[in-house]
Number of protein chains: 2
Amino acid sequence: MDERAVLVEFGCRVRELRETRGLSQERLAELAHLHRTYIGSVERGERNISLVNIHRIARALDVASSELLMKSDGSKN
Amino acid sequence: MDERAVLVEFGCRVRELRETRGLSQERLAELAHLHRTYIGSVERGERNISLVNIHRIARALDVASSELLMKSDGSKN
DNA sequence: ATGTGACTTGGAGTCCGTT
DNA sequence: AAACGGACTCCAAGTCACA
């Protein structure tokens with residue numbers, strides 16, 4: 001299933017941005033008003049996250065939500 | 001609820017891109033492997049769409065999924 | 001060709017833990 | 001601090017009939 005790769009890609013991007021900000025999953029969860037264990041599973045690409053939660057995490061990381069869907073290097077898709 | 005505005009914004013963006021391509025909701029649904037009425041409700045901002053479906057629609061419209069989260073004018077968020 | 005209300009069900013999302 | 005599991009609630013997914 002190629003679909004799962006999208007989720008893994010997204011999760012990696014979140015983790016990357018979170019770590020560069022020196023935040024724990026717990027702290028990010030608070031900021032995004034989401035659960036601690038949920039953030040973890042999202043970063044591992046186990047969850048098919050919905051749009052409002054994408055937006056919440058983006059807000060917590062202080063980036064545009066569109067930026068969470070870009071790969072690290074900014075290449076296509 | 002400010003959260004719903006995100007969904008409306010997203011739906012408008014999809015509709016915009018679909019219409020500039022001269023596609024019907026029905027045709028877009030086929031291309032994205034989704035249901036006709038589902039596409040409709042997404043465009044109206046009634047659905048909190050998840051990441052894999054965002055990706056499917058993006059593929060069908062031949063754009064990067066990150067582009068579906070940008071406003072028409074390309075401004076912040 | 002699209003809007004809409006209603007419906008079932010699988011999974012999103014939470015909460016309790018242990019490792 | 002993070003991964004992971006079980007049990008739970010509730011909402012997104014997906015479909016339909018009809019306007």
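Naming: A, B, ... by sequence-line order, numbering from 1 per chain.
Distances were taken from every side-chain heavy atom of B:Arg18 (C-beta onward) to each of C:dT2, C:dG3, D:dA2; the shortest belongs to C:dT2.
A:Arg44 contributes no side-chain N or O that forms a donor-acceptor pair with the base of D:dA3 under 3.5 Å. Judged by distance alone with a 3.5 Å cut-off, a donor-acceptor contact links the side chain of B:Thr37 to the base of D:dC16. For B:Arg36 against D:dG14, a side-chain-to-base donor-acceptor contact under 3.5 Å is absent.
In this structure, B:Arg59 contributes its side chain and B:Leu31 its backbone to no donor-acceptor pair below 3.5 Å. No donor-acceptor distance shorter than 3.5 angstrom exists from the side chain of B:Arg18 to the backbone of B:Arg27, with no hydrogens or angles considered. The backbone N or O of B:Tyr38 lies less than 3.5 Å from no partner atom in the side chain of B:Arg47, so there is not a single donor-acceptor pair. The backbone N or O of A:Leu69 sits nowhere less than 3.5 Å from a side-chain atom of A:Arg13 that would complete a donor-acceptor pair.
Between the CD atom of B:Glu30 and the P atom of D:dG14 there is a distance of 16 Å, given to the nearest Å. Rounded to an integer number of Å, the gap from CD of B:Glu46 to P of C:dG3 is 9 Å. Rounding to whole angstrom units, CG of residue A:Leu51 and P of C:dA12 are separated by 15 Å. Atoms CD1 (B:Ile39) and C1' (C:dA1) sit 14 Å apart, rounded to a whole Å. For the pair B:Leu34 CG and D:dA12 C1', the computed distance is 12 Å after rounding to whole Å. Straight-line distance from the CD1 atom of A:Ile49 to the P atom of C:dG11: 17 Å, rounded to whole Å. Look at CD on B:Glu43: it is 9 Å from C1' on C:dT2, rounded to the nearest Å. Here the P atom of nucleotide D:dG14 and the CD1 atom of B:Ile57 are 10 Å apart, to the nearest Å.
Listed pair A:Arg56 / C:dA12 fails the phosphate criterion, with no side-chain N or O lying under 4.0 Å from OP1 or OP2. Side-chain N/O atoms of B:Asn53 include none lying less than 4.0 angstrom from OP1 or OP2 on D:dA12. Contact annotation: B:Asn48 reaches the phosphate of D:dA12 (side-chain N/O to OP1 or OP2, under 4.0 Å). For B:Tyr38 and D:dA13, the shortest distance from a side-chain N or O to OP1 or OP2 is below 4.0 Å.
A:Glu26 comes within 4.0 angstrom of sugar-phosphate atoms only, judged by non-hydrogen atoms across all strands, and of no base.
In this structure, B:Arg47 and B:Leu23 both approach DNA chain C, and ranking their closest nucleotides by distance from the 5' end singles out B:Leu23. Between A:His35 and B:Arg27, the residue anchored closer to the 5' end of DNA chain C is B:Arg27, taking for each the nucleotide with the nearest heavy atom.
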### Message
For a side chain to side chain contact (heavy atoms under 4.5 Å, CB included) check, start with the C-alpha distance between A:Ile57 and A:Leu17, then their side-chain angles and the critical distance, and finish with the verdict.
### Response
CA-CA 10 Å; A:Ile57 292 176; A:Leu17 290 170; over 6 Å; no
